[in-house]
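In this chain, numbering begins with 1 at the start of the sequence shown.
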Amino acid sequence: MKILIISSYFGPETSVGVLRVNAFANHWSRQGHEVHVLTMPFAGELPAGLRNNPLIHVQQIAPWLIRGGQAGGVQGYSKGVKGWRRVLLSFQYWLKRRLLSNYLDPRVLWWPRVALVGRSLLREQHFDLLYSTVPSYTAHSAAAWIKQGSRQLFWVADYRDLWAGNPIFPGCAPVRAFERWHERTVLARADLICSINTPLLQELRELHGPRDYLELPNGFEDSEVDVFRNAARISLPAKVNIVYAGSILPGLQNPTPLFLAIRQLVTEGLLAEGDLAISFYGDYAALDDFPVARDPLVAPFVKLAGKVPRQEILAVQKSADFLLFLGSQPVADGVGSTKGVVSGKIFEYLISGTEVLAVGVTDDMLVADMLRQAAVGTHYAADVARIRQRLLAAVQGETAKVQPNMDYLDQFRRSVQAAALLDQVRALKGSDRL
């Protein structure tokens with residue numbers, strides 16, 4: 001099979017959006033399929049399995065006008081920005097949330113160029129499968145135009161996050177109405193719609209009606225189970241260490257209850273510097289939005305570690321006493337649901353063997369059920385008293401590694417997901433040759 005992937009995220013970055021697409025390309029090439037990827041510019045070398053792979057062909061396509069001017073060589077325009085760029089980003093986010101939703105995104109200048117390159121590829125060679133993924137609006141817009149050039153091309157539209165009804169960028173009512181119509185129009189020619197869990201698929205069914213759908217969860221790379229099992233313990237800065245790995249999404253995730261619990265313990269004389277540390281790895285710029293993190297009683301416990309190599313962050317997660325997971329809440333009341341929002345980071349947490357401390361996660365969220373079934377942690381919603389109680393117990397010595405329920409977690413291996421998608425494509429096309 002010859003596969004064309006449309007994704008603005010791909011390559012050497014270690015964010016979950018990149019890792020999922022990388023894994024699919026890698027697993028499909030291992031099965032003998034030829035994979036072509038159209039993506040944003042990136043810095044650095046492709047990871048092992050993708051680099052120097054004769055079955056994987058990558059084209060980096062810069063947006064019109066911007067020409068790949070991201071900060072730090074990353075593929076997203078919001079990661080790691082500081083100073084006046086962060087002020088501009090905050091204003092852009094405000095406009096997207098209040099007015100323009102997904103339409104105020106630099107990648108609107110990217111997808112038309114991708115579509116042109118994709119149409120050119122179709123004139124030169126035959127493809128069996130078109131797979132478009134993150135972010136939904138721009139990747140699917142490019143794929144729809146490419147699909148128009150070849151009606152026989154089987155198009156899979158994959159949603160890690162919603163397009164219309166996205167709880168992060170709800171926009172104003174007229175834009176939301178237009179966005180729903182626009183998405184239905186763009187996806188009219190999609191042959192299969194995928195998303196990461198049942199709640200998100202249900203929202204897509206309500207928008208797009210009777211279609212072919214497939215649940216394709218986020219997950220973890222097969223080899224990472226052994227990486228966690230074999231990784232050496234490393235030294236971390238305190239007696240009890242809480243680690244957050246990944247980006248904090250402004251306006252959507254809120255670590256304040258954890259900071260308040262720490263402030264209470266310090267005020268009560270039950271916590272001293274060196275007893276506990278919260279280390280933030282990755283893009284922590286959104287911490288600036290939470291003044292309590294700079295409170296003199298809290299700040300000594302907050303450590304900013306930044307980005308580290310992939311193998312190092314896996315070792316850090318194994319060595320920690322807790323892994324902090326932040327649940328998501330809608331930006332605007334009544335617009336979009338976050339019950340089915342499951343960050344891909346949770347899957348690394350689930351197999352790490354380290355207890356998960358889930359803040360902002362309520363009983364009705366899918367993540368809460370996953371934590372219960374995997375038997376690796378507890379969700380605390382915004383209950384400062386319960387968080388305080390758990391932290392105090394940890395400082396007093398009640399910490400231990402957990403044993404993940406791999407009978408439950410095996411379904412989330414990326415090799416399983418990559419194979420399941422191609423099996424579904426073959427079933428719908430009714431051909432064994434693919």
Visitor: Ring centroid separation for Tyr93 and Phe169, is it under 6.0 angstrom?
Guide: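 Ring-ring flag for Tyr93/Phe169: true, centres closer than 6.0 Å.
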Visitor: Do Met406 and Val225 have side chains that approach each other closer than 4.5 Å (heavy atoms only, starting at C-beta)?
Guide: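 Side-chain contact under 4.5 Å: yes.
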Visitor: Closest heavy-atom contact between Pro63 and Pro106?
Guide: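 In terms of heavy atoms, the two residues are closest at CB-O, 4.3 Å.
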Visitor: In chain order, what residues pass the side-chain contact (heavy atoms from CB on, under 4.5 Å) check against Glu206, with sequence neighbours excluded?
Guide: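 side-chain contact (heavy atoms from CB on, under 4.5 Å) check on Glu206 returns Gln202.
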Visitor: For Thr354 and Lys401, test the side chains for any donor-to-acceptor distance below 3.5 angstrom and give the result as yes or no.
Guide: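 Looking only at side-chain atoms, Lys401 and Thr354 do form a donor-acceptor pair, the distance falling under 3.5 Å.
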Visitor: Parallel under 30°, tilted from 30 to 60°, perpendicular over 60°: which one fits the rings of Trp163 and Tyr137?
Guide: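 Aromatic pair Trp163/Tyr137 classed tilted.
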Visitor: Roughly how far, to the nearest 0.5 Å, is the CD1 atom of Ile351 from the OH atom of Tyr349?
Guide: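 That separation rounds to 12.5 Å.
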Visitor: Would you name the heavy atoms of Asp128 and Leu153 that are closest together and state the gap between them?
Guide: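 Closest approach of Asp128 to Leu153, heavy atoms only: C-CD1, 3.8 Å.
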Visitor: Looking at Arg113 and Ala62, would you say the former's side chain and the latter's main chain have a donor-acceptor pair under 3.5 Å?
Guide: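 Indeed, once roles are kept as given, a pair shorter than 3.5 Å links the two residues.
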Visitor: Please tell me whether Trp111 and His140 form a close aromatic pair, meaning their ring centres lie under 6.0 Å apart.
Guide: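 Centroid distance Trp111-His140: not below 6.0 Å, so no.
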Visitor: Would you please indicate if the ring centroids of Phe178 and Tyr103 are separated by under 6.0 Å?
Guide: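 Centroid distance Phe178-Tyr103: below 6.0 Å, so yes.
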Visitor: Let me see the working for Arg20 and Glu221 under salt bridge (charged side-chain N to carboxylate O under 4.0 Å, His left out), right down to the final yes or no.
Guide: CA-CA 9 Å; Arg20 175 179 166 94; Glu221 194 55 49; over 6 Å; no
Visitor: Is a donor from one side chain sitting under 3.5 angstrom from an acceptor on the other, for Asn405 and Gln373?
Guide: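 Absent: no donor and acceptor within the cut-off.
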Visitor: What pairs with Ala382 under side-chain contact (heavy atoms from CB on, under 4.5 Å), at least two apart in sequence or on another chain?
Guide: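 Here the qualifying residues are Pro257.
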Visitor: Just by distance, with hydrogens left out, do Trp155 and Ser132 show a side-chain donor and acceptor under 3.5 Å apart?
Guide: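 There is such a pair between these side chains.
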Visitor: Which distance, rounded to the nearest 0.5 Å, do you find between the CG of Asn102 and the NE2 of His182?
Guide: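 One gets 10.5 Å once the value is rounded to the nearest 0.5 Å.
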Visitor: Check Arg160 against Gly344 and note the closest heavy-atom contact, atom names and distance.
Guide: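 Here Arg160 and Gly344 meet closest at NH2-N, 4.2 Å.
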Visitor: Please report the interatomic distance CG(Asp158) to CD1(Ile5), rounded to the nearest 0.5 Å.
Guide: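 Reported value, rounded in 0.5 Å steps: 10.5 Å.
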Visitor: With a 6.0 Å cut-off on ring centres, are Tyr213 and His208 close enough?
Guide: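 No, the ring centres sit 6.0 Å or more apart.
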Visitor: Heavy atoms only: give me the nearest Ala286-Ile248 pair and the separation to one decimal.
Guide: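 So the minimum-distance heavy-atom pair works out to CB-O, 3.5 Å.
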Visitor: Here's one to test your reading of the geometry: is the NZ or CZ of Lys2 within 45 degrees of the ring axis of Phe127 and under 6.0 Å from its centre?
Guide: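 Geometry flag: set, cation within 6.0 Å and 45°.
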Visitor: Quick one: closest heavy-atom pair of Gly171 and Arg176, and the distance?
Guide: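 Scanning both residues completely, I find the closest heavy atoms to be O-NH1, 2.5 Å.
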Visitor: Working to the nearest 0.5 angstrom, can you tell me the gap between Leu121 CG and Leu130 CG?
Guide: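 Rounded to the nearest 0.5 Å, the CG-CG separation comes to 11.0 Å.
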Visitor: Does a donor on one side chain and an acceptor on the other come within less than 3.5 Å for Gln317 and Ser352?
Guide: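 Not at all, the side chains of Gln317 and Ser352 share no donor-acceptor pair under 3.5 Å.
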Visitor: Side chains of Val117 and Ser120, heavy atoms from C-beta outward: is any pair under 4.5 Å?
Guide: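 A side-chain contact is absent here, since even the closest heavy-atom pair is not under 4.5 Å.
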Visitor: Under 6.0 Å between ring centres, would you say that holds for Tyr131 and Trp28?
Guide: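 Centroid separation for Tyr131 and Trp28: below 6.0 Å.
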Visitor: For the residue pair Leu129 and His33, establish whether any side-chain heavy-atom pair is separated by less than 4.5 Å.
Guide: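 Result no, sub-4.5 Å side-chain heavy-atom pair not found.
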Visitor: Between the side chains of Gln59 and Thr39, does any donor sit under 3.5 Å from an acceptor?
Guide: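 No.
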Visitor: Hey, does Tyr159 have a side-chain heavy atom less than 4.5 Å from the side chain of Cys194?
Guide: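 No - every pair of side-chain heavy atoms lies 4.5 Å or more apart.
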Visitor: Go through the steps for Glu312 and Lys307 under the test salt bridge (charged side-chain N to carboxylate O under 4.0 Å, His left out), then give the verdict.
Guide: CA-CA 10 Å; Glu312 181 177 344; Lys307 295 186 69 173; over 6 Å; no
Visitor: Any chance the side chains of Glu34 and His36 put a donor and an acceptor closer than 3.5 Å?
Guide: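 Side-chain D/A pair, Glu34 to His36: present.
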Visitor: What distance do Ser7 atom OG and Asn22 atom CG have between them, rounded to the nearest 0.5 Å?
Guide: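 Going from the OG atom of Ser7 to the CG atom of Asn22 covers 8.5 Å.
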Visitor: I'd like to check Met1 versus Phe154 (side-chain heavy atoms, cut-off strictly below 4.5 Å). Are they in contact?
Guide: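 Counting from C-beta outward, Met1 and Phe154 never come under 4.5 Å.
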Visitor: Search all heavy atoms of Glu224 against all heavy atoms of Leu314 and return the closest pair with its distance.
Guide: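 Heavy atoms only, the tightest pair is CG-CD1, 4.2 Å.
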Visitor: Any chance you could lay out the side-chain contact (heavy atoms from CB on, under 4.5 Å) test for Val243 and Asp321, step after step, and finish with the verdict?
Guide: CA-CA 8 Å; Val243 165; Asp321 299 288; over 6 Å; no
Visitor: Applying side-chain contact (heavy atoms from CB on, under 4.5 Å), run through Ile346 and Leu350 and close with a yes or a no.
Guide: CA-CA 6 Å; Ile346 190 64; Leu350 294 177; 4.1 Å; yes
Visitor: If you measure from CG on Leu4 to CD on Gln125, what distance do you get to the nearest 0.5 Å?
Guide: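 Rounded to the nearest 0.5 Å, the CG-CD separation comes out at 8.5 Å.
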Visitor: With side-chain contact (heavy atoms from CB on, under 4.5 Å) as the criterion, how do Leu162 and Leu204 come out once you've worked through the C-alpha distance, each side chain's angles and the decisive distance to 0.1 Å?
Guide: CA-CA 8 Å; Leu162 294 177; Leu204 291 168; 4.0 Å; yes
Visitor: Show your working on side-chain contact (heavy atoms from CB on, under 4.5 Å) between Leu421 and Leu192 and close with a plain yes or no.
Guide: CA-CA 10 Å; Leu421 176 55; Leu192 176 64; 3.9 Å; yes
